[in-house]
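Letters A, B, ... mirror the listed sequences (proteins, then strands); counts begin at 1.
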Protein chains: 2
Amino acid sequence: MLRLSKLTDYAVVVLVRLDAGTQVQTSPCIAATTGIPEPTVAKVLKSLSAAALVTSQRGARGGYRLARPLEDIPVGEVIAAMDGPITLAACVDGSVTECESLALCPVRGRWDPVNEAIQRALSAISLADMREAAIPAVFRVPPDADLVRVPRNAELGHSNASR
Amino acid sequence: MLRLSKLTDYAVVVLVRLDAGTQVQTSPCIAATTGIPEPTVAKVLKSLSAAALVTSQRGARGGYRLARPLEDIPVGEVIAAMDGPITLAACVDGSVTECESLALCPVRGRWDPVNEAIQRALSAISLADMREAAIPAVFRVPPDADLVRVPRNAELGHSNASR
DNA sequence: GGTAACCGGACCGTGTCAGTCCTGATTGAG
DNA sequence: CTCAATCAGGACTGACACGGTCCGGTTACC
């Protein structure tokens with residue numbers, strides 16, 4: 001279904017959440033305000049930090065902060081940070097590992113225009129666009145909710161219900 | 001990595017192969033000329049037939065035929081036929097199963113513009129575009145190769161070598 | 001009637017992913 | 001100086017989807 005991983009979905013939520021407030025935010029805090037389990041939030045933030053989409057501050061009173069405003073983060077970059085480079089087919093990216101039956105492989109490079117089209121589409125949409133997209137005001141996060149300090153195990157029961 | 005399934009890749013190969021010649025082509029024949037294992041080709045063709053991208057003729061001397069010229073088949077339709085509807089996130093399609101923590105779920109509808117952009121990109125590219133895209137002449141299939149009748153087990157060793 | 005081909009399933013091994021946990025390294029506060 | 005809070009970077013595991021195969025049944029041509 002061409003679906004992207006759930007981690008990428010979380011990453012967008014986390015990044016939008018991180019946009020509220022200029023203070024650094026800790027991963028337990030973000031977990032509490034988004035409803036995503038804390039270890040998962042930590043994992044997402046680590047990946048985002050590795051991709052230089054957020055900056056981290058270690059130690060006590062540390063946390064995470066957006067490296068750039070949401071307007072400057074295309075959604076394609078988030079996907080690439082979480083799921084790796086965007087390549088539809090196997091024979092597309094730099095790894096020219098040569099399909100074994102080379103004389104018969106008719107796939108070679110065939111998906112390139114499709115990949116480019118998707119890349120373009122994903123580069124044209126920024127997280128700021130997604131932030132405001134079709135979300136009722138009820139779901140908007142209050143801009144100062146990041147200031148609440150919550151204890152470690154404040155779980156909100158976001159364990160998936162659909163299985 | 002936003003990768004599409006290998007079956008979809010095969011589907012494009014099979015459809016392009018099916019474009020050569022006006023005769024119906026059997027799945028063993030297509031398997032032999034493309035190097036894809038025969039049962040897999042059969043599975044792909046069944047899905048394509050269910051999606052009305054190819055028409056089938058049963059019985060002896062039966063086979064498959066393109067339902068439309070390649071120019072009229074956008075690649076997005078092939079992906080939808082093989083992998084189901086194109087939806088990036090879980091909360092997007094018609095199944096409004098309401099994320100459990102509804103008041104906190106900030107994802108709702110957020111991916112819609114991204115989905116639409118991708119849909120547009122995939123609708124704009126037809127299989128005819130992919131047929132000619134960046135393929136050295138060596139890999140082009142000869143237009144009359146479909147006439148050869150091959151025995152059932154003519155395998156070409158297309159089992160993946162990279163593992 | 002026999003044979004060749006499609007039809008519609010069921011079936012299973014494998015790989016990937018979501019999610020958790022653990023052990024360090026770092027830094028501010030007391 | 002010591003301690004606690006926080007990030008860093010792994011390893012690990014269970015669940016699930018996917019690729020691939022196979023089988024019995026049906027249809028149509030010779």
Listed nucleotide nearest any side-chain atom of Ser5(A), set dC6(C), dG20(D), dC17(C): dC17(C)
With Leu66(A), the side chain to side chain contact (heavy atoms under 4.5 Å, CB included) member among Thr22(A), Leu18(A), Leu127(A), Asp72(A): Leu18(A)
Distance, nearest 0.5 Å, that separates OG1 of Thr26(A) from CD of Gln57(A): 12.5 Å
Letter per nucleotide, 5' to 3', of nucleotides 21-30 of chain D [B base touched, S only sugar-phosphate touched, - untouched; heavy atoms, 4.0 Å]: S---BBBBS-
Nearest atoms (heavy-atom pairs only) where Glu38(A) meets Pro28(A): CG-CA, 3.8 Å
Interatomic distance where CZ belongs to Arg65(B) and C1' belongs to dC6(C) [whole Å]: 14 Å
Member of Val44(B), Leu4(B), Val78(B) meeting the side chain to side chain contact (heavy atoms under 4.5 Å, CB included) criterion with Val12(B): Val78(B)
Axis bend over the full length of the helix from dG1(C)-dC30(D) to dG30(C)-dC1(D), computed from five pairs that close each end, to 10 degrees: 10°
All salt bridge (charged side-chain N to carboxylate O under 4.0 Å, His left out) counterparts of Glu116(B), not counting sequence neighbours: none
Atom pair CZ (Arg17(A)) and CZ (Arg131(A)), whose distance is rounded to the nearest 0.5 Å: 12.5 Å
Thr8(B) OG1 to Trp111(A) CH2 distance, which is reported to the nearest 0.5 Å: 6.5 Å
Euclidean distance, atom CG of residue Asp83(B) to atom P of dA17(D) [Å, nearest integer]: 14 Å
Sugar-phosphate only, base, or nothing, as touched by Leu7(A) at under 4.0 Å among non-hydrogen atoms: sugar-phosphate
Shortest non-hydrogen contact from Gln25(A) toward Ala20(A): NE2-O, 2.9 Å
Between OG1 on residue Thr40(B) and CD1 on residue Ile30(B), distance to nearest 0.5 Å: 13.0 Å
Presence of Tyr10(B) side-chain N/O under 4.0 Å of dC18(D) phosphate oxygens OP1/OP2: no
Side-chain N,O (Thr26(B)) to OP1/OP2 (dA4(C)) below 4.0 Å: no
Ser56(B) vs dC7(C): side-chain N/O to OP1/OP2 distance below 4.0 Å: yes
Integer-rounded Å distance: dC7(D) P and Leu48(A) CG: 13 Å
Nucleotide dG19(D), atom P - distance to CD1 of Ile36(B) in whole Å: 13 Å
Separation of dT16(C) C1' from Met82(A) CE (nearest whole Å): 15 Å
Of Thr8(B) and Ser49(A), the one whose closest DNA chain D nucleotide lies more 5': Ser49(A)
